[in-house]
Peer 1: 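To start, I am sharing the structure in question, which I have written as structure tokens.
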Amino acid sequence: MNRPSPAGLLVALAFAIVFVVEGRTVLGMLGFEVPLSVYFPVAGLLLVAMFVGLLLLPKADGKQAVGT
């Protein structure tokens, strides 16, 4: 898998922010009350880890591994 373009990362970030905000609502509907002081730092760390992982993917420069 190649690294997404900067525009792709921005689109992914936009969807991720909405997912994080609505995730707490869904957890509340399921009966899990998570305090804001715990939920948002954990969700923020997960977002940062996801985007660091995406940035560590190789660039799409047309080179492929041998044998593919």
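Since the model is a prediction, treat every value here as computed from it, not as a measurement.
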Peer 1: Side-chain heavy atoms nearer than 4.5 Å, only ILVMFWY residues, links allowed to pass through others: does that put Leu27 and Ile17 together?
Peer 2: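 As far as the 4.5 Å side-chain criterion goes, Ile17 and Leu27 are connected within one cluster.
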
Peer 1: Testing Val18, Leu13, Val11 for side-chain contact (heavy atoms from CB on, under 4.5 Å) with Phe15, which one passes?
Peer 2: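 It is Val11, the one option of Val18, Leu13, Val11 that forms the side-chain contact (heavy atoms from CB on, under 4.5 Å) with Phe15.
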
Peer 1: Could you give the side-chain donor-acceptor pairs of residues 38-54 under 3.5 Å, partners two or more places apart or in another chain?
Peer 2:
| residue | atom | partner | partner atom | Å |
| --- | --- | --- | --- | --- |
| Tyr39 | OH | Val20 | O | 2.6 |
| Tyr39 | OH | Arg24 | N | 3.2 |

